[in-house]
Structure formats: C-alpha cells, structure tokens
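Values in this document were obtained by computation on a predicted structure and should not be read as measured data. Basis for what follows: all heavy atoms, side chains included, without hydrogens, waters or symmetry-related copies.
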Amino acid sequence: MSNEISISVLIPVYNVADKVEKCLSSLFENDIIEKCEVIVVNDCSTDNSLDVIEDFMRKNPSCKIKLINHKKNMGLACARITAFSAAKGDYIICVDSDDWVEKTYLSDLYNLAIQTNADIVGCDAYIDFPNGEQIISHESLSEIGGECIKNIFMNKTHGYLWIKMFRRKLALENNVAWIPNINMLEDIVFDVQLFHSAQKISYIEKPLYHYVQNNGSYMNSKVDLNKAEQLVSAMDFIQNFLLSKNDNELLESLKIEKLYTKLIILFGGTKEVRRKYISIWKDCNSKLKELNGNVNFFIKTILSVSGKSEKLAGILLESYLVAANLYRKMRKVLGIRL
C-alpha cells in the first residue's frame, strides 16, 4: 500500500462515559491495530466521557489515539466530518462509541478489501440486548452499488456504516460526505453517495460488530419537530443527489424509503409532528404494496388515506396509537412477555 496507515477508525463521542472504555479496549485488542489510527472526536460531552478517554490513554500509552475536542456541540454528522478530515488511512471505518467489536473486526474486513480490491467491504453484526444477542445479516450487500442502495431503500439490508469499511480515496474523489445538521438517517445519506461511486463491493458472512441496543439512544427517543425536519432533510438530500445523477430507477425505489421514514415520523412523533407531516410524500403511495411484512395492513391503510384525507388519516392514526398503547399496558399487567 502507498500509505503506512492502513485503516482510520473514526469514533464520535458524546456522553458515553459508561461505555467508551469498552469500545476502545475492544478495538485495541484487534490484531492489526498497529497499522491503524484511532481518531476520537469528543463532541463537547457533558458527562465525564473525556476523563474516561484520557484515563484510558494514560493507562495504555502504547494505544495511539488521536483525540480531538470540539469547542461546541455540533452533532454526530459534524463529528464524523472532523474525524474524516483528520484521517490518513487507506481505508475508513466508523465505530459508535457505545458499541464494541470482535478481535478480528479490522483484519477480516481489511484483508477482504485487499484480496478482492474492493472499494467497500461489509460484514454481519450482533445486536446486543440486555438478555441476549441477535445476529443481523448483510448478505444482500450486492457487488453492484445500485443494487446495494435499492436493498437499503427496501429495508433488505441496513444502512449502518459500522459494518462497512470503505476506501478513503473513493470518498475524497467523489466528494462523498456527511451533511452538517443531518443526524438522523445520516448513514443512509452517506451510503447512497458512497455506493453510487463504488466499482467493487465485497462481503464476509461473519458477525464482527456488537451494536448495543440502547432504549435511550437518539434514534429510539421521541421524534420531535427538529428530528422530523432532519429526517425530511435526509430524504430531500438523497432525492436531489439521485436527480443530479439522473438515476430514475433509484428515484423510484427511494419512494419505499420515504414510506418507511414516514412511519418513523408518524408513529414515533409527537402530536405536533404528526399534524405537520400527516400527508407528506403523497406520491409514494404507489409503493405501499412493497412495504415488507412487518408493516401490517392497518398501518398501510393509514399511509394510504394520509395522501387523500388528512383529517381521516389523523383520526385513524390517533386511534391506532391509543389502541396499541392500551394493548401494551394490558400485556404488562397480565405479565405476558412483549
């Protein structure tokens, strides 16, 4: 390789004092870590995350960490932009600071990239729950970039960046970037640009990453107006990007992703959010039949009606949410496992 640093690992940090040490420890147990640089961006954490990181660095002086402190909180997308700007590795991988990795995470992905001369390589992952773990597969990562994007839109594979290692040169030459202030679906925004530029994509059927399920995470919290606006901005950016590429096939597939995003907004949003966005993206109703089996008939009906009658859709949606909440409470009272 032309670069003595093979891999740059990008880690944004914000208020993860109880988890970041495990994240760092697992990375530095990797067998090719000496060929890597670990770039940690502390995005003005208000807890003692910075103390934990600095303490880890003192106790492990052989673990080379490039620590960057933002002067003000700028959000996940900007933290990744900062880290990427400082990166020098031939390949880039993003790690969330509240997760951890297997000992061959870096070497398995890097070796696959070298063996296949791939622009992007992907793997499987574990979802770590308090009472166990589940493997999520990404075998639908096609060798063709457009197919990968379509599979993400159709919810056949995940947009997570932490199961993808990509060539830094690919991102630089094609102006692939995170978008400041879009911190919802930011991985998909990045993925679409990245996969659209890729010539070669490879996949290893092996879980190498541990995604720690956190009910208090940014994505799992209530969708307020700010988050809803970011979700809409993410869809707008992707649509404009595909329009600039004259990619009509993917623009058609994007309608499915818009419907899934509308589900997040309507069913995870506040009443104010639901009122504002109840009839957004009316042109996507042609794709209702293509939503996967996890989306039931009643929800599809609400989405369909929302394009015709805001009032009726609002009544159906509120009724559904009340019934669903009552159902959950009854199961809890009766001691039935959810």
Side-chain angles (χ1 to χ4, degrees), residues 9-12 16 19 22-23 26-27 30 76 80 91-113 116 118 120-166 183-192 194-195 198 201-221 231 234 253 256-257 259-261 263-264 267-268 290-296 337-338:
V9 184
L10 315 186
I11 311 177
V16 286
K19 298 181 177 70
K22 182 173 183 177
C23 174
S26 68
L27 274 168
N30 267 250
L76 176 59
R80 284 182 172 165
Y91 281 85
I92 302 288
I93 197 158
C94 298
V95 172
D96 286 354
S97 53
D98 52 355
D99 298 334
W100 59 285
V101 303
E102 293 287 318
K103 292 182 179 180
T104 60
Y105 172 63
L106 297 174
S107 59
D108 283 348
L109 286 171
Y110 179 72
N111 290 337
L112 178 64
T116 62
I120 307 169
V121 291
C123 64
D124 296 334
Y126 296 101
I127 302 181
D128 288 2
F129 297 99
N131 58 348
E133 61 188 22
Q134 172 187 333
I135 294 177
I136 51 175
S137 172
H138 296 87
E139 61 185 352
S140 54
L141 277 177
S142 167
E143 292 187 3
I144 303 170
E147 285 299 313
C148 289
I149 296 172
K150 187 181 294 185
N151 286 336
I152 291 172
F153 289 167
M154 296 180 69
N155 209 30
K156 290 183 177 179
T157 192
H158 298 280
Y160 306 128
L161 278 177
W162 31 254
I163 50 89
K164 305 177 188 87
M165 182 179 288
F166 60 91
N183 298 304
M184 303 282 284
L185 301 183
E186 74 288 338
D187 282 358
I188 295 179
V189 167
F190 194 89
D191 277 338
V192 171
L194 191 69
F195 280 114
I201 302 158
S202 297
Y203 159 74
I204 182 170
E205 189 178 356
K206 189 175 181 181
L208 297 169
Y209 190 96
H210 289 261
Y211 171 48
V212 180
Q213 185 64 26
N214 176 16
N215 289 331
S217 71
Y218 193 72
M219 277 300 295
N220 286 322
S221 56
L231 289 168
S253 296
I256 300 174
E257 179 65 32
L259 283 175
Y260 281 119
T261 303
L263 287 175
I264 295 173
F267 290 87
E290 298 182 43
L291 295 182
N292 69 24
N294 293 327
V295 180
N296 66 36
R337 174 181 278 181
L338 293 174

Exercise for the section: Using a 4.5 Å cut-off on heavy atoms from C-beta on, say whether the side chain of D191 contacts that of K164. Expected result: yes
Practice task
For residues T116 and L112, report the shortest heavy-atom separation together with the two atoms involved.
Solution key: OG1-O, 2.7 Å
Fill in the blank from the handout: Residue set satisfying ring-ring contact (aromatic ring centres under 6.0 Å, His included) with F190, at least two apart, ordered chain then number -> F166, W178
Practice task
Taking the side chain as every heavy atom from C-beta outward, state whether V192 and I188 have any atom pair closer than 4.5 Å.
Solution key: yes
Handout entry: Heavy-atom side-chain contact between L27 and I11 under 4.5 Å
Key = yes
Fill in the blank from the handout: Sorted by chain and number, sequence neighbours left out, side-chain contact (heavy atoms from CB on, under 4.5 Å) with S253 holds for K150, F153
Practice task
Would you give the length of the straight line joining atom OG1 of T104 to atom NZ of K206, rounded to the nearest 0.5 angstrom?
Solution key: 4.0 Å
Problem - Under 3.5 Å donor-acceptor, T157 side chain and I152 backbone - result: no
Practice task
Evaluate side-chain contact (heavy atoms from CB on, under 4.5 Å) for H158 paired with Y211, printing each intermediate quantity in order.
Solution key: CA-CA 12 Å; H158 298 280; Y211 171 48; over 6 Å; no
Completion exercise
Between S107 and N30, the two heavy atoms sitting closest are N-OD1, 4.4 Å
Problem - D128 side chain to Q213 backbone, donor-acceptor under 3.5 Å - result: no
Practice task
Output all residues satisfying side-chain contact (heavy atoms from CB on, under 4.5 Å) with A198, sequence neighbours left out; order by chain, then residue number.
Solution key: D119, I120, L170, I201
Problem - S97 to C23 - nearest heavy-atom pair and separation - result: O-CB, 3.5 Å
Handout entry: Interatomic distance, F129 atom CZ to Q134 atom CD [nearest 0.5 angstrom]
Key = 5.0 Å
Exercise for the section: Give, for atom CG of N151 and atom NZ of K156, the distance between the pair rounded to the nearest 0.5 Å. Expected result: 5.5 Å
Practice task
Heavy atoms only: give me the nearest S137-Y203 pair and the separation to one decimal.
Solution key: OG-OH, 3.6 Å
Handout entry: side-chain contact (heavy atoms from CB on, under 4.5 Å) involving I144 - partner list, sequence neighbours excluded
Key = S142, E147
Practice task
Could you tell me whether D187 and R80 have a side-chain N and a carboxylate O separated by less than 4.0 Å?
Solution key: yes
Problem - Working for side-chain contact (heavy atoms from CB on, under 4.5 Å), residues T261 and L231 - result: CA-CA 7 Å; T261 303; L231 289 168; 3.9 Å; yes
Problem - From I264 atom CD1 to L259 atom CG, the distance as rounded to the nearest 0.5 Å - result: 11.5 Å
Problem - Within-4.5 Å side-chain heavy-atom neighbours: Y91 and V121 - result: no
Exercise for the section: Give the minimum heavy-atom separation between A125 and W162, together with the two atoms involved. Expected result: CB-CZ3, 3.7 Å
Handout entry: Test item: I256 and L291 side chains (from C-beta on) under 4.5 Å apart, heavy atoms
Key = yes
Problem - Partners passing side-chain contact (heavy atoms from CB on, under 4.5 Å) against K22 (at least two apart in sequence or in another chain) - result: W100
Fill in the blank from the handout: The single option from L109, D124, I136, D96 that satisfies side chain to side chain contact (heavy atoms under 4.5 Å, CB included) with Y209 is D96
Exercise for the section: Output all residues satisfying ring-ring contact (aromatic ring centres under 6.0 Å, His included) with Y126, sequence neighbours left out; order by chain, then residue number. Expected result: H210
Completion exercise
In short, N183 meets L76 closest at the heavy-atom pair OD1-N, 3.1 Å
Completion exercise
CD of E205 to SG of C123, rounded to nearest 0.5 Å, is 11.5 Å
